[in-house]
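What follows is a single structure, written as C-alpha cells, with notes after it.
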Amino acid sequence: INAEYGNLAMKAPYDSKQEESEDEAPLVHPNEEIQEQEFTSDGMKKISTDHKSKFRRFLSFMGPGFLVSIAYVDPGNIAVDIGAGAQNRFDFIWVLLFATMMGLLLQSLAARMGLATGFDLAQQCRKSYPRWLNLVLWLMTEVAVICSDIPEVIGSAIALKILFGIKLWIGVLITAADTLLFFLVSYFSIRALEGIIGGLLGILSCCFIVELFLVQPPVLDMLAGFIPNPVRIVNDKEGIDTAISIIGAVVMPHNLYLHSALVQTRTYSKSSKDLKEASLFNILESAIALGVSFFVNFAVVVVAGTKFYPTDDDISLEDASTLLSSLIKNGEVAAKIFAIALLASGQSSTMTGTYAGQFVMEGFLNIKMAAWKRNIITRGVAIVPSILVAALTDGSDFLLVFSQMLLSIQLPFALIPLIKITNSERKMKDLKNPLWLKIVGCFLGLVVIAANIYYVVNTIRPKWDFHTPSGLCAFIGTILGALIYAAFALYLALLPVENKEEEDDIVTINP
C-alpha cells in the first residue's frame, strides 16, 4: 500500500495552487477546452449542442429566450398596454419598441455572462459581494418575484371569471393549484418546459392576431406610432407616467437572473470561438423571442387604441373584455379570445417566475430547494394580497399598478451588478463588453434610476401637505427615500466586483 501511494505521489506531486475553492477557480482561458457536466444543478439533463450543422446547433440553443420572453407579456404588461392604448391611442408604440430593445440588450448581457463565467447572476453576486449585501439583494429580488407573481395570479383569475363566470377570489384559489402543474413539468426535462411555454406563447400570439383582424385598426395611424415623439411625453405629465410604466412593466429584474441561469442548460465548449458562437446564437434566439413578445404587446396597444380611445378612465382587464364584447361585431367571440390569451399569459409567466425564484434562492443563499416547495412559498405570499383585494374590492387594478411600480424600482439593483460583471475582463475574458456597450449600459442604468425616482416622487406628490402632520411626513419620507435609493445605487455602482476568499457551505432542502 505504501509503495502504491508512493508511486501515486511521484506521478502527481501536491501543488497547493491547484487546491482552489469553487469561487476561486479561475475562469477558462480562451483556447482551453473543458467538457461540460451533463446535468444542471437541479438534476435536469443538459441539452447537447454538438452538431456539425450550424443550423442544428442554433436550434439546440433555442428555448431560454422564449422562457424569458413570456414575462414580457404577462397580465401586468397587458394591463399597462391597455391603459396606454386607451388613453393615448398609438402614441406610445415607439416607447414599447424602445423598451423591448432595451430588454433585448440586457437579456443578451445576462446570457453572455452566464456563458462566459459558468455562473448565473445570483451566484456571481454571492461570489463578489459581502454577505449583508447579498442578503439585501436577495430580499429585493424575492420582492420582485412576488410582485410579478401577483399580476399573473390575478390575470389568470380574471380570465377564468370571463370564461366560466367564476368569482374572482375563487379564481385566485384555482390559479394557485397550478403548483401541481409546474411540479409535474419540472420533473420531465427542460425541453418539456420550453415546449409548453412556447406553445402558450403561440396561443397568445394567435389570439391577438385574431383580435387585430376583428377590430380592423387604421394601418397608417398605427404605423405612425413607431415614429418617436419625445415632445409628446415631456409636455404631458400623464405621458411621462405612461412611458415609465411601459418600461417598468416590460423589463423585469428577475428575468436577468433567470436568463443567466438558463443558458447553462446547454453543453458547450469553453473555447473562445465556441463561446462567441454560443453568445451569437443566444442573442439571435432572444431577438426572435422578444420579437414575438413585442408583437403581442403591440397588438394589445393597437386593439385598445382602436376601440377604447379616447377615454380618461382606467380600463381594467375585466373592463377590456366587456368593452370588446359591446363595441365590435362578433364581440362575444373577441371577449372569449381575449380571456384565453389572458389565461395563457398568466399560466405561462407564473411557471417561469417560479423557476426564476428557484435560481435566485440557490444563487444568493446557496440553498437548494425543490421547485414545487419554492412554488408553494412564492404563490402563498402572492395569493394573500391577491385574494384580499379580490374579496374586499372585487377588483385588482390598484394591486396591479403597485406591483408594476415595485418591479420598476427593483430593476437597477439587478442591472448594476450585471453591467459591472460583464464589464470585467477578469471575469468575462473575450466576452467582456466593448467600450460602446459599457457606455450604453451605464446610460441605461442612469436613465432607469432617474425615471424611477421621478415616478415614485410624482406618484406620492399629491399626498404632500405642509399644513398637516401626515402630509409633512409624506414629503419628508419621499425625500429621504429618494436619497437613500440613489445612495444605495451609487454604492453598488462603485463597489468592486471581487471574488470572496471563502465559500459558504451549501444548504440543501431535500424534495
Side-chain angles (χ1 to χ4, degrees), residues 25-37 40 46-69 72 100-125 127 190 194 251 255-293 359 363 414-415 417-442 444 497:
L27 296 176
V28 180
H29 290 280
N31 296 322
E32 188 175 352
E33 300 269 358
I34 282 190
Q35 183 67 33
E36 284 284 307
Q37 293 182 355
T40 63
K46 289 187 176 182
I47 298 169
S48 174
T49 61
D50 186 16
H51 303 290
K52 293 183 179 180
S53 167
K54 182 173 289 190
F55 180 69
R56 288 195 64 190
R57 289 201 300 274
F58 170 66
L59 291 180
S60 65
F61 277 100
M62 292 194 70
F66 283 91
L67 282 178
V68 168
S69 70
Y72 286 65
T100 305
M101 293 175 64
M102 174 181 170
L104 175 60
L105 174 64
L106 299 181
Q107 298 299 159
S108 299
L109 290 180
R112 283 161 59 92
M113 191 212 69
L115 291 170
T117 67
F119 296 99
D120 60 55
L121 181 55
Q123 290 172 327
Q124 280 289 355
C125 288
K127 288 158 51 66
I190 188 65
E194 291 169 355
V251 187
N255 252 8
L256 304 179
Y257 294 95
L258 177 62
H259 205 171
S260 62
L262 289 176
V263 295
Q264 296 173 52
T265 58
R266 271 64 179 168
T267 60
Y268 54 90
S269 168
K270 292 284 189 176
S271 69
S272 176
K273 177 183 175 182
D274 290 338
L275 277 175
K276 289 180 178 179
E277 182 184 74
S279 176
L280 175 62
F281 286 160
N282 274 283
I283 292 173
L284 292 176
E285 189 244 356
S286 297
I288 295 171
L290 293 188
V292 176
S293 71
F359 287 121
L415 176 60
L418 176 64
I419 292 175
K420 287 181 66 65
I421 291 170
T422 53
N423 285 346
S424 171
E425 182 176 2
R426 180 175 59 83
K427 289 181 176 291
M428 297 291 293
K429 302 298 182 184
D430 285 353
L431 291 184
K432 70 180 185 300
N433 292 336
L435 179 60
W436 70 267
L437 192 52
K438 293 180 181 179
I439 295 173
V440 171
C442 293
L444 288 178
V497 284

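Each residue takes its place number in the sequence, starting with 1.
The two atoms that bring Cys442 and Ile419 nearest to each other are N-CD1, 4.3 Å, heavy atoms only. In terms of heavy-atom proximity, Tyr72 sits nearest to Gln107 at OH-OE1, 3.0 Å. Across all their heavy atoms, Pro417 and Ala414 have their closest contact at CD-O, 3.5 Å. Across Ser48 and Thr267, no two heavy atoms sit closer than the pair CA-OG1, 3.2 Å. The nearest pair of heavy atoms linking Thr265 to Leu262 is OG1-O, 2.6 Å. Nearest heavy-atom pair across Ser293 and Ser69 is CB-O, 3.8 Å.
A side chain to side chain contact (heavy atoms under 4.5 Å, CB included) with Leu437 holds for exactly one of Asn433, Leu435, Ile439; it is Asn433.
To the nearest 0.5 Å, the span separating OG1 on Thr422 from NZ on Lys427 amounts to 11.5 Å. Considering OG1 of Thr100 and CG of Leu105, their distance stands at 12.5 Å, rounded to 0.5 Å. One finds the NE2 atom of His259 at 12.5 Å from the CG atom of Asp120 (value rounded to the nearest 0.5 Å). For the atom pair CG of Leu290 and CZ of Phe66, the computed distance is 9.0 Å after rounding to the nearest 0.5 Å. Summarising the geometry, atom CG belonging to Asn423 is positioned 9.0 Å from atom CE belonging to Met428; distances are rounded to the nearest 0.5 Å. How far NZ of Lys127 is from OG1 of Thr117: 7.5 Å, rounded to the nearest 0.5 Å.
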Cut-off 3.5 Å, no hydrogens considered: what does the side-chain donor-acceptor table look like for residues 276-284, sequence neighbours left out?
| from | atom 1 | to | atom 2 | distance (Å) |
| --- | --- | --- | --- | --- |
| Glu277 | OE1 | Arg57 | NE | 3.0 |
| Glu277 | OE2 | Arg57 | NH2 | 2.9 |
| Asn282 | ND2 | Ala278 | O | 2.8 |

Could you pull out every donor-acceptor pair under 3.5 Å between side chains of residues 108-115 and any protein atom, sequence neighbours left out?
| from | atom 1 | to | atom 2 | distance (Å) |
| --- | --- | --- | --- | --- |
| Ser108 | OG | Leu104 | O | 2.7 |
| Arg112 | NH2 | Leu431 | O | 2.4 |
| Arg112 | NH2 | Lys432 | O | 3.3 |

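A donor-acceptor pair under 3.5 Å is formed between the side chain of Asn255 and the backbone N or O of Val68. Panel note: side chain Ser260, backbone Leu121; a donor-acceptor pair is recorded below 3.5 Å.
Using a 4.5 Å cut-off on side-chain heavy atoms (C-beta onward), Phe359 and Gln123 make no contact. Using a 4.5 Å cut-off on side-chain heavy atoms (C-beta onward), Leu106 and Leu415 make contact.
No salt bridge links Arg266 with Glu285; every basic N to acidic carboxylate O contact stays at or beyond 4.0 Å.
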